[in-house]
Amino acid sequence: VDLAHDMASGLGHADLRIAGLIFDKTLQPANLSELTKGVIANARGAVDGQGRIDWDNGAIRSSGFVETKGLDFAAAFGPAKGVAGRVNFTDLLGLVTGPEQVLTVKAINPGIVVDDGTLRFALKQGAEGAHILAVLGAQWPFLDGRLELLPTQMTLGAAEVRRFELRVSQASAARFLEKMELGNISASGTFDGRLPLVFDEQGGRIVGGYLLAEAPGGNLAYVGELSYKDLSPMANFAFQTLRSLNYRQMRIGLDGSIAGEIVSRIAMQGVQQGKGAKSNFLTKRVAHLPIKFNINLRAPFFQLITSFKSFYDPQFLRDPVSVGLVGADGKPVVPKLSPKILPSIQPPVSESKP
């Protein structure tokens with residue numbers, strides 16, 4: 001800090017310089033300002049900046065900037081890596097920026113890694129001196145399509161319900177399976193959709209989210225070998241018959257906790273057997289009917305994905321101690337499960353019907 005003040009005229013100024021302020025285990029944003037709580041945590045990286053404060057007979061003006069070449073941190077939507085850019089303040093003391101600031105984001109991970117994004121935002125003052133973060137929008141390339149964060153705003157340093165909405169455009173089903181490393185599943189088709197997110201004292205959850213693939217549709221197929229050789233002949237026949245499905249429209253509804261149980265409602269219309277599925281006289285006759293599939297899944301979403309992969313990829317199974325299945329003493333851990341966590345595929349009324 002370089003400070004100068006003329007006692008006779010009352011004029012003065014302060015020049016501020018920040019060179020290589022490092023965030024690590026010793027120093028975190030919350031150590032500098034309470035306003036960062038609930039917004040950013042576990043920061044890693046260096047920040048530079050400059051500021052200027054001028055005063056004249058009670059009038060105070062301030063400006064400055066902070067910049068980083070790469071900052072990693074945890075946020076409500078997931079961990080962010082490689083956030084870079086400059087933030088210019090028109091009122092440094094009041095934490096007010098210019099109308100549109102731009103940062104690049106190397107990667108975020110709200111459950112699936114999204115690379116090379118751009119965030120536009122502004123900091124402004126609200127009622128009674130509240131500090132407002134106005135998110136003007138963000139976008140990322142996503143599975144050969146695009147992922148957008150729609151405009152929203154939040155009050156810094158305040159306990160409040162925070163709402164975000166992600167919009168998915170032309171995402172590739174094939175690229176999604178590639179990202180999840182589900183090598184024995186193939187898919188075609190593109191999805192659009194919206195994922196409204198709500199964050200409060202209970203954590204984060206999806207409310208009324210959906211992904212939609214419309215005409216001309218696509219295909220969903222299992223291209224690996226059947227792992228369970230002891231299935232009954234009828235179950236084996238059903239698997240071979242349905243191992244490849246063409247669909248004209250697929251809608252996936254999503255609701256539930258991001259970190260916990262997600263309810264997925266999958267509805268497919270215009271369903272027909274695809275290439276590689278076994279057919280006979282019965283399936284050829286059924287192919288003329290307007291078939292619809294409605295499937296409900298209730299499970300911890302990412303546990304569901306990883307468990308599914310382990311069916312055909314034994315290398316994917318993790319150490320049972322690391323996932324809490326076996327204790328340090330080598331004895332099995334008996335989990336306390338709520339009945340709601342059990343998968344619900346079809347209602348009981350369908351069990352006695354083909």
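This structure is a prediction, so every number in the text was calculated from the model and none was measured.
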* List the steps, then state whether salt bridge (Lys or Arg N to Asp or Glu O under 4.0 Å) holds for Arg61 with Asp54. => CA-CA 5 Å; Arg61 300 173 301 279; Asp54 292 282; 5.2 Å; no
* To do: Begin from the C-alpha positions of Arg17 and Asp2 and carry the test salt bridge (Lys or Arg N to Asp or Glu O under 4.0 Å) through to its verdict.
  => CA-CA 9 Å; Arg17 289 185 295 276; Asp2 289 332; 2.7 Å; yes
* Would you please test Asp192 and Arg167 for salt bridge (Lys or Arg N to Asp or Glu O under 4.0 Å) and show each step? => CA-CA 8 Å; Asp192 299 323; Arg167 181 165 60 194; over 6 Å; no
Would you give me the side-chain donor-acceptor pairs under 3.5 Å for residues 131-142, sequence neighbours excluded?
{"from": "His131", "atom 1": "ND1", "to": "Gly94", "atom 2": "O", "distance (Å)": "3.4"}

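Within the 4.5 Å cutoff, the side chain of Ile60 has heavy atoms near those of the Ile53 side chain. A 4.5 Å side-chain heavy-atom check between Ile252 and Leu212 finds every atom pair outside the cut-off. Between Ser63 and Leu92, every side-chain heavy-atom pair lies at or beyond the 4.5 Å cut-off. Residues Leu21 and Asp48 fail the side-chain proximity criterion, which asks for heavy atoms closer than 4.5 Å.
Summarising the local packing, CZ of Arg163 is surrounded by 12 or fewer heavy atoms from other residues, nucleotides or ligands at distances under 6.0 Å.
At least one donor-acceptor pair under 3.5 Å links the side chain of Arg162 to the backbone N or O of Thr155. Side-chain N or O atoms of Ser62 include none that pairs as donor or acceptor with a backbone N or O of Arg52 at under 3.5 Å. Looking only at distances, a side-chain donor or acceptor of Gln101 sits under 3.5 Å from a matching main-chain atom of Asn88. Put simply, the side chain of Thr97 never gets that close to the backbone of Phe89: no donor and acceptor are under 3.5 Å apart. Between the side chain of Asp56 and the backbone N or O of Ala59 there is no donor-acceptor pair closer than 3.5 Å. Between the side chain of Gln28 and the backbone N or O of Asn42, at least one donor-acceptor pair lies under 3.5 Å.
Under the 6.0 Å distance and 45° angle rule, Arg251 counts as a cation-pi partner of Tyr210.
The two atoms that bring Leu254 and Leu195 nearest to each other are CD1-CD2, 3.8 Å, heavy atoms only. Nearest heavy atoms, Leu150 versus Arg194: CD1-NH1, 3.8 Å.
With rounding to the nearest 0.5 Å, the separation of CG in Leu3 from CG in Asp15 is 9.0 Å. Atom CZ of Phe121 and atom CD of Glu100 lie 10.0 Å apart (nearest 0.5 Å).
The pair Arg146-Glu148 meets the salt-bridge criterion, since a charged nitrogen lies less than 4.0 angstrom from a carboxylate oxygen.
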